[in-house]
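A, B, ... follow the sequence lines: proteins, then strands. Residue 1 opens every chain. Hydrogens, waters and symmetry mates play no part in the numbers below; they use all other heavy atoms, side chains included.
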Number of protein chains: 2
Amino acid sequence: MTGIRAALGKDIMRELGSSQPTAVELEILRILWDLGPSPVRDIHARLYQAKGTNYSTTVKMLAVMLNKGLLKRNEQATPHRYRAALTRKQAGKSYLSELIEKVYDGSSMSLVLQALTTGKATRQDIAEVRKLLDDMEGQL
Amino acid sequence: MTGIRAALGKDIMRELGSSQPTAVELEILRILWDLGPSPVRDIHARLYQAKGTNYSTTVKMLAVMLNKGLLKRNEQATPHRYRAALTRKQAGKSYLSELIEKVYDGSSMSLVLQALTTGKATRQDIAEVRKLLDDMEGQL
DNA sequence: GATTCATAGCGAAAGGTTTCGCTGTGACGG
DNA sequence: CCGTCACAGCGAAACCTTTCGCTATGAATC
């Protein structure tokens, strides 16, 4: 089943040689995806709950991420409000492409098949996937 | 201006989970999945090609990975032969679960839908997925 | 036996991330 | 005013991963 190749630019980003969301960074992104634009307090509250780390640490991480371009913030408001610079969907796509490329050897279908068997699907879910398949087939 | 894409770059895989293989580690695993059990020389040849790093570095990484249990080796043979302790499939599953959990918020279907639209599928591929869906539905 | 060569490994440096102590600033209540 | 408090940020320590210089060992070669 190697018929399918990810149609995506492999390591475009690696070429640009920059940094990426690391462990804690991803955790913060998730919080922001969840909460929407938020002040440090709120972000910290969540992070603290999950990891028990210090307030300063949260502030610092936000600064680092802001610097990397992973976050944006509104400095007009007080306290400043931080928000993710990319959507969950965009991030997902990046991770997914990388995963397909590096582990599934470029075959997105291998991944799909595995993912399907990995989670529990409802009838609705299945129907939705079928619908998408129909659309895709229609476009061939 | 450090774009989002740039910021997402480097080694996404590694960041998904602390329990997961790191950047270089994954690279080495891929080499072993590809070559099968191999002596350091061969692994290094590939790694050098990709990254230009020193022979000692390769040896060290293998030692580290061996220590972490990511690799096994046959010490009977000379030179020793290293092999991956997990299959590509197992690793894939591990990353996938992590990805679903952390980015797709536990919804494997979200990921499947996105993955489907991310790659290009042939009629055969689609048929295969349909078949799987039928099976799954049958089990509900 | 001495020299050379491939193999194996150690320990520490280099480089990146995550952590936090401590400082500065402005708003607010007494 | 003055002390207190929330907000913001810096710099350096603590911690991993990755890199490599250097050493050790044994087999093959001179």
Within residues 38-49 of chain B, the residues having a heavy atom closer than 4.0 Å to DNA chain C are Val40(B), Arg41(B)

Expected list for residues 73-81 of chain A near DNA chain D, using heavy atoms below 4.0 Å, is Arg73(A), Pro79(A), His80(A)

Sequence neighbours excluded, the answer for side-chain contact (heavy atoms from CB on, under 4.5 Å) partners of Thr53(B) is Leu47(B), Lys51(B), Thr57(B)

When rounded to whole Å, the CG to C1' distance for the pair Asn67(B) and dG11(C) reads 15 Å

Contacts of Gln139(B) meeting side-chain contact (heavy atoms from CB on, under 4.5 Å) (sequence neighbours excluded), chain-then-number -> none

Applying side chain to side chain donor-acceptor pair (under 3.5 Å) to Lys68(B) and not counting sequence neighbours gives Glu25(B)

By side-chain contact (heavy atoms from CB on, under 4.5 Å), Gln124(B) pairs with (sequence neighbours left out) Thr122(B)

So ring-ring contact (aromatic ring centres under 6.0 Å, His included) across residues 47-70 of chain B, not counting sequence neighbours, yields His44(B)-Tyr48(B), His44(B)-Tyr55(B)

Sequence neighbours excluded, the answer for ring-ring contact (aromatic ring centres under 6.0 Å, His included) partners of His80(B) is none

With sequence neighbours left out, the residues meeting side-chain contact (heavy atoms from CB on, under 4.5 Å) with Lys72(B) are Arg83(B), Ala85(B)

Here the distance between atom C1' of dC20(C) and atom CG of Leu62(A), to the nearest Å, is 15 Å

TODO: Without swapping roles, check the side chain of Ser97(A) against the backbone of Lys93(A) for a donor-acceptor pair under 3.5 Å.
DONE: yes

Atom CE of Met65(A) and atom P of dT19(C) are separated, to the nearest Å, by 12 Å

Please table the atom pairs, donor to acceptor, closer than 3.5 Å between any side-chain atom in residues 112-120 of chain A and protein atoms at least two apart or in another chain.
unit_1: Gln114(A); atom_1: OE1; unit_2: Tyr104(A); atom_2: OH; d: 2.6
unit_1: Thr117(A); atom_1: OG1; unit_2: Leu113(A); atom_2: O; d: 3.3
unit_1: Thr117(A); atom_1: OG1; unit_2: Gln114(A); atom_2: O; d: 2.8
unit_1: Thr118(A); atom_1: OG1; unit_2: Gln114(A); atom_2: O; d: 2.9

**Study point:** Short N-O contact, Asp134(A) and Arg130(B), less than 4.0 angstrom
**Key:** yes

Rounded to whole Å, CD of Glu25(B) lies from P of dC16(D) at a distance of 14 Å

Residue pairs passing the side chain to side chain donor-acceptor pair (under 3.5 Å) test with at least one member in residues 27-39 of chain A, sequence neighbours excluded, are Asp34(A)-Arg46(A)

Rounded to whole Å, CD of Glu27(B) lies from C1' of dT19(D) at a distance of 14 Å

Within residues 51-61 of chain B, those residues having any heavy atom closer than 4.0 Å to DNA chain D are Lys51(B), Thr53(B), Asn54(B), Ser56(B), Thr57(B), Lys60(B), Met61(B)

